[in-house]
Amino acid sequence: EDQVTQSPEALRLQEGESSSLNCSYTVSGLRGLFWYRQDPGKGPEFLFTLYSAGEEKEKERLKATLTKKESFLHITAPKPEDSATYLCAVQVPSGGYNKLIFGAGTRLAVHP
Amino acid sequence: DTEVTQTPKHLVMGMTNKKSLKCEQHMGHRAMYWYKQKAKKPPELMFVYSYEKLSINESVPSRFSPECPNSSLLNLHLHALQPEDSALYLCASGKNTGELFFGEGSRLTVL
């Protein structure tokens, strides 16, 4: 069965304190790994796509990396506005189509 | 501002009511999705439409009925719902690449 596990469930950081979020996956036929950010009461917002082991993507204070079994979202010198839930998702084949399976997310709180 | 628009933002309905959620996108995407999200849980896929045809139904109860009138519109018809169906219903569109654009959701409360 396809599974996506994110850790930690919640993370509290001081402003400027760098850290990493983990997404481990067990899927058959990975088509891509995606990171999304979700603010309370809103829909998820796309951040990154990673397709192959060794790939890295960066956007402002965020950097996503991918290995054969997991992905990391590194947050460098976070600011309070980075507070959100970060969702990892894997794209897998389903009956001739592709579908996304989301992990439970990491709730990040950055305090001044 | 999101380019996927969902209405209504909030909906309260009784178990005998019939209501509909609506979603509209003008990004030219040919895949549209309905997800259900409970508090502090990840979005769960319900339906996928590809080129206006239903391509994935994740064994959703028949009290939820999707409809895709054209490539820009997606509806979710609701009938005889249960209180446990209360959730945030998210619509998304994309190019079948996994990069989805989500609306802000419709928060449904079933009394």
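Below, each value reflects all heavy atoms present in this structure, side chains not excepted, and no hydrogens, waters or symmetry copies. We name chains A, B, ... by the order of the sequence lines, and we start the count at 1 in each one.
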Restricting to pairs with a member in residues 47-82 of chain A, which pass disulfide bond (SG atoms under 2.5 Å apart), not counting sequence neighbours?
none

Looking only at heavy atoms, which two atoms of Phe102(A) and Pro42(B) are closest? And how far apart?
CB-CB, 3.8 Å

Hydrophobic clusters here meaning ILVMFWY residues chained together by side-chain heavy-atom distances under 4.5 Å, can you tell me if Val110(A) and Leu62(A) are in one?
yes

Taking ILVMFWY side chains as joined if any heavy atoms are under 4.5 angstrom apart, and letting links pass through other members, which residues group with Met46(B)?
Leu11(B), Met13(B), Met15(B), Leu21(B), Met32(B), Trp34(B), Phe47(B), Tyr49(B), Leu54(B), Val60(B), Phe64(B), Leu74(B), Leu76(B), Leu78(B), Leu81(B), Tyr89(B), Leu108(B), Val110(B)

Examine whether an atom of Gln6(B) lies under 4.5 Å from a heavy atom of chain A, and if so say whether it belongs to the side chain, the backbone or both; otherwise answer neither.
neither

Check whether Leu87(A) gets within reach of chain B through its side chain, its backbone, both or neither, counting any heavy atom under 4.5 Å.
side chain

Contact list (residues 29-55 of chain A to chain B, heavy-atom gap under 4.5 Å, by number) returns Phe34(A), Tyr36(A), Gln38(A), Gly41(A), Lys42(A), Gly43(A), Pro44(A), Phe46(A), Tyr51(A)

Is there a continuous path of hydrophobic side-chain contacts, each under 4.5 Å between heavy atoms, that joins Ile56(B) to Val90(A)?
no

Hydrophobic cluster identity match, Phe72(A) and Tyr25(A), side-chain contacts under 4.5 Å
no

Let me confirm one number: the OH-CG distance from Tyr33(B) to Leu100(A), rounded to the nearest 0.5 Å.
7.0 Å

Proximity breakdown for Gln37(B) and chain A, heavy-atom pairs closer than 4.5 Å:
side chain

Any link between Val92(A) and Val48(B) through a network of hydrophobic side chains (Ile, Leu, Val, Met, Phe, Trp, Tyr) touching at under 4.5 Å?
no

Lys38(B) atom NZ, neighbour heavy-atom count above 12 within 6.0 Å
yes

Heavy-atom pairs under 4.5 Å with chain A - which of Glu58(B), Arg107(B), Lys9(B) has more of them than the others?
Glu58(B)

So which pairs with a foot in residues 13-29 of chain A pass salt bridge (Lys or Arg N to Asp or Glu O under 4.0 Å), sequence neighbours left out?
none

Quick check: is Leu66(A) connected to Ile75(A) through a chain of hydrophobic side chains (ILVMFWY, heavy atoms under 4.5 Å apart)?
yes

